[in-house]
**Q** 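Can you read through this structure? Questions will come right after.
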Number of protein chains: 2
Amino acid sequence: MKRDQASKAGDMEHQYECLSLGMAQPLRRKSSKREVILIKAASMFKDKGFAASSMRDLAETVGIEAASLYNHIKSKSEILQEIIFHAATECNVHLEEVDVEEKSSLKKIEEIIRFHVRMMLNRFEEYHVMTHEWIHLSEPHLTNFIGQRRSYVQRLEAIVEQGIKNKEMKPVVPYVAVLTILSAVRGLEFWHRSQKKYSPQQMEDNMVMHLITGLQA
Amino acid sequence: MKRDQASKAGDMEHQYECLSLGMAQPLRRKSSKREVILIKAASMFKDKGFAASSMRDLAETVGIEAASLYNHIKSKSEILQEIIFHAATECNVHLEEVDVEEKSSLKKIEEIIRFHVRMMLNRFEEYHVMTHEWIHLSEPHLTNFIGQRRSYVQRLEAIVEQGIKNKEMKPVVPYVAVLTILSAVRGLEFWHRSQKKYSPQQMEDNMVMHLITGLQA
DNA sequence: CCTACCGATCGGTAGG
DNA sequence: CCTACCGATCGGTAGG
């Protein structure tokens, strides 16, 4: 089962890497073992951290021997890269969409908050790995990730700045507002670990309200 | 050059470490090697995570052999416990103080936010280890920590609930508000890693404003 | 996809 | 506080 055609960058490859959710994932032709490995790895990295997760444990949850993992992935490090940059790309794609919309800055920020809350609620494993385990990325990738993150933050800052200029938002330091928003969302990990007394919708709406009205002029 | 007198815990020992290390550490009576180990460990655990930090690396930054660490600490695990429960205790002590004050709920929450922001700014290493590495606590301690954290959150929820009852705060779900606040503060880790364009005071005031006005009735 | 196995490194102990 | 060293486990490879 060769996967070399992945280098043919021309195709659509709509299916190209949909490790997306650890959910049901119904119709899937070539939902390769590779995807299963990535999904199980994301879950394991979230639970125990990257460094404390062993390839042997991962192999066991996948149902093969450790050595066999290397037929699907190049290294432990590559698994981390795949998970993190997959999630990061989704964030960037979403921001691209929001950025070109004809909406108020406040509305844009609200949509971005809702996006992150939903990532945290529905794609917990990958998102958690991205936000907590990026430090274990190996070197060209670490620098790359930090750069992507910084530029993402700067683009959000620009939206906030615009909002201030338009008098939609109070005159905060945009950098602080963006950090506050992006980090607040991470608190939902405790909702995940709890008995879930509140619905995802309640969590989302309350968090959005708290963060948005704190910003409103 | 024998250093056995380190066990004579009575003396002043102002000179105790100044020659070999460039470290300043001024007035400190019995600032035992143990403390040095804990401080260096906190910094290392923050940088690389608990699991990826080796006792050999830690020993090197302390300036002794790995085996010698065990004259001061029982195990790697014990180091983590010390760091985390030390920070956790400070949070609990602070909450105790705030809780008995005769202030509005909103003011209490503000003080709690300021406390956490300052912990994040001034005691970054320990606080970061507590918030990010608690998952690596070994077993009676892990359950203990989770229990302490839950009860801490519940006490903050009670303050918010009181604030809603008093019409100081808008009717949010207290649980969500508390998660939002406690997590937002963690975003300051990126300020630490940045070039610090903004002062600690700016960070604190802006974050407090964002989170408090988002809560205000 | 497996068996067999490598060198490196881990946390920790013995004994002085 | 050190030297010497233990058993366990790690990520990964060879070869089929």
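We name chains A, B, ... by the order of the sequence lines, and we start the count at 1 in each one.
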**Q** Could you walk me through whether A:R56 and A:E60 pass the salt bridge (Lys or Arg N to Asp or Glu O under 4.0 Å) test, one step at a time?
**A** CA-CA 6 Å; A:R56 281 158 177 84; A:E60 195 175 358; over 6 Å; no
**Q** I need the full list of side-chain hydrogen bond (donor to acceptor under 3.5 Å, both in side chains) pairs touching residues 43-54 of chain B, with sequence neighbours left out, sorted by first then second residue.
**A** B:K48-B:D57
**Q** Do any pairs count as a ring-ring contact (aromatic ring centres under 6.0 Å, His included) and have a residue in residues 51-95 of chain B, sequence neighbours left out, and if so which ones?
**A** B:H94-B:F115
**Q** Parallel, tilted or perpendicular: which fits the ring planes of A:F50 and A:F45, with parallel below 30° and perpendicular above 60°?
**A** perpendicular
**Q** Please state how far atom CD1 in B:I64 lies from atom P in D:dT3, giving the value in whole angstrom units.
**A** 12 Å
**Q** Do the numbers put A:R150 on top of the ring of B:F190, so that NZ or CZ is under 6.0 Å from the six-membered ring centre and no more than 45° off the axis?
**A** no
**Q** Scan residues 188-199 of chain A for pairs that pass salt bridge (Lys or Arg N to Asp or Glu O under 4.0 Å), counting only residues two or more places apart or in two chains.
**A** A:E189-A:R193, A:E189-B:R186
**Q** Salt-bridge test for B:E111 and B:K108: reply yes if a basic N is under 4.0 Å from a carboxylate O, no otherwise.
**A** no
**Q** Taking side chain to side chain contact (heavy atoms under 4.5 Å, CB included) as the definition, give me every residue that meets it alongside A:S105, ordered by chain and number, with sequence neighbours left out.
**A** A:I159, A:Q162, A:N166, A:E168, A:M169
**Q** Could you encode protein contacts along nucleotides 10-16 of chain C as a string, one character per nucleotide from 5' to 3', using B for base contact, S for sugar-phosphate-only contact and - for no contact, with a heavy-atom cut-off of under 4.0 Å?
**A** BBBB---
**Q** Any chance you could encode DNA chain C as dot-bracket? Rule is Watson-Crick or G-U wobble with both distances under 3.5 Å; [ ] for pairs crossing earlier ones, | for another strand.
**A** ||||||||||||||||
